[in-house]
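The block underneath contains the structure these notes are about, expressed in structure tokens.
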Amino acid sequence: MTVNLAYTLGDGQGATNLLLADLAARLMTQGVRLAGTAQFDRERPDTHRCDMGVQVLPDGPVIRISQSLGTQARGCRLDPEALEQAVALTEARLQTGVDLLIVNKFGKHESDGRGFRETIARAAARNTPVLVGANKLNLQALQAFCGGAIVQIDPTPDALLAWARTAIAQAQAA
């Protein structure tokens, strides 16, 4: 892999989602060409906590990535078909040439070799900086996948923005 692959761990996936969505919004206003996914929809009291959608960056559709299990469900379940759709749209965007790939979460699907795993590998092979959200459950799988060539970024807006600017500049200079 490449040293331009980084992750951030927040206090919870919701916090990481917010950080990455805010970073994506800031970078888009600066003209940075993005690919990937960000969870822009915030948890609202009128919706079930498992109602999750990701926007395909920079201006793609919002795809509901959670299965509708009903209001009495005790857990959340990812919709594999919706995830495949998000991956396919991200792959298409990646093919156009981008400055940065953001993936809102390296989760169980990626740990198991599915989801955005191949997209992350393709971007890294092209020297496109990659930033992923991670949680403690899947961190070991992410580190193994990256072969140790990965940087942890403090979960703060300024640290993420500084890393992104530096990584993009280094990739463009190479």
Side-chain angles (χ1 to χ4, degrees), residues 4-69 71 73-79 82-83 85-87 89-90 93-94 98-111 115-117 119-120 123 128-143 145-146 150-168:
N4 274 345
L5 202 145
Y7 71 95
T8 188
L9 280 174
D11 291 333
Q13 192 58 38
T16 303
N17 287 335
L18 292 175
L19 281 169
L20 294 177
D22 290 341
L23 175 67
R26 289 172 76 180
L27 292 173
M28 286 187 290
T29 64
Q30 298 171 9
V32 174
R33 299 172 305 152
L34 297 177
T37 56
Q39 189 172 336
F40 285 93
D41 57 342
R42 307 301 200 254
E43 188 174 314
R44 298 180 310 266
D46 61 327
T47 62
H48 189 271
R49 68 180 179 86
C50 290
D51 288 341
M52 297 177 293
V54 293
Q55 181 177 6
V56 178
L57 299 172
D59 55 4
V62 173
I63 299 172
R64 182 181 174 166
I65 59 169
S66 56
Q67 291 181 351
S68 180
L69 301 176
T71 57
R74 293 185 168 257
C76 303
R77 187 173 302 145
L78 187 66
D79 181 338
L83 180 62
Q85 180 185 8
V87 169
L89 290 170
T90 298
R93 173 69 178 158
L94 189 62
V98 299
D99 300 316
L100 176 67
L101 172 67
I102 296 175
V103 177
N104 70 301
K105 182 177 180 184
F106 187 95
K108 180 167 177 25
H109 278 73
E110 288 76 20
S111 294
F116 283 95
R117 190 178 179 116
T119 305
I120 293 167
T128 300
V130 178
L131 176 62
V132 299
N135 61 29
K136 292 178 183 174
L137 294 174
N138 298 302
L139 182 56
Q140 186 174 4
L142 174 62
Q143 291 169 330
F145 168 62
C146 297
I150 191 167
V151 175
Q152 181 178 359
I153 305 170
D154 289 334
T156 66
D158 290 340
L160 291 172
L161 184 60
W163 175 86
R165 287 180 175 157
T166 300
I168 291 167

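Note: hydrogens, waters and symmetry copies are ignored here, and every other heavy atom, side chains too, is used.
- Closest heavy-atom contact between E110 and G115: OE2-CA, 3.5 Å.
- Results of the side-chain contact (heavy atoms from CB on, under 4.5 Å) test with T119 over V103, L101, T37 single out L101 as the only residue that passes.
- A distance of 14.0 Å separates CZ of R33 from CG of L57, quoted to the nearest 0.5 Å.
- Rounded to the nearest 0.5 angstrom, L100 CG and R165 CZ are separated by 12.5 Å.
- Under the 4.5 Å side-chain criterion, counting only non-hydrogen atoms from C-beta, L131 is in contact with W163.
- For the pair L20 and G133, the tightest heavy-atom approach, listed with the atom from each and the gap, is CD1-N, 3.6 Å.
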**Report entry** From CA spacing to verdict: side-chain contact (heavy atoms from CB on, under 4.5 Å), V130, V132
**Finding:** CA-CA 7 Å; V130 178; V132 299; 3.9 Å; yes
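- Inter-residue side-chain proximity for F116 and H109 is flagged as unmet; no heavy-atom pair is nearer than 4.5 Å.
- We find the CG-CG distance between L19 and N104 to be 12.5 Å, quoted to the nearest 0.5 Å.
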Requested in this report: Take I65 and D79 through the test side-chain contact (heavy atoms from CB on, under 4.5 Å) and record every step on the way to the result.
Outcome: CA-CA 5 Å; I65 59 169; D79 181 338; 5.7 Å; no
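- Heavy-atom contacts from other residues, nucleotides or ligands closer than 6.0 Å to CD of Q152 number more than 12.
- You'll find the side chain of S111 stays beyond 4.5 Å of the side chain of Q140, heavy atoms only.
- P129 places none of its side-chain heavy atoms less than 4.5 Å from the side chain of L5.
- In this structure, the side chains of L142 and Y7 come closer than 4.5 Å at one or more pairs of heavy atoms.
- In this structure, the separation between CG on L23 and CD1 on I102 is 4.5 Å, given to the nearest 0.5 Å.
- Of the possible polar contacts, one joining the R93 side chain to the L34 backbone as a donor-acceptor pair under 3.5 Å is found.
- Put simply, CG on L137 and CZ on F106 are 12.5 Å apart, with the number rounded to the nearest 0.5 Å.
- Shortest non-hydrogen contact noted between A86 and V54 is CB-CG2, 4.4 Å.
- From T16, atom OG1 reaches atom CG of N135 across 8.0 Å, with rounding to the nearest 0.5 Å.
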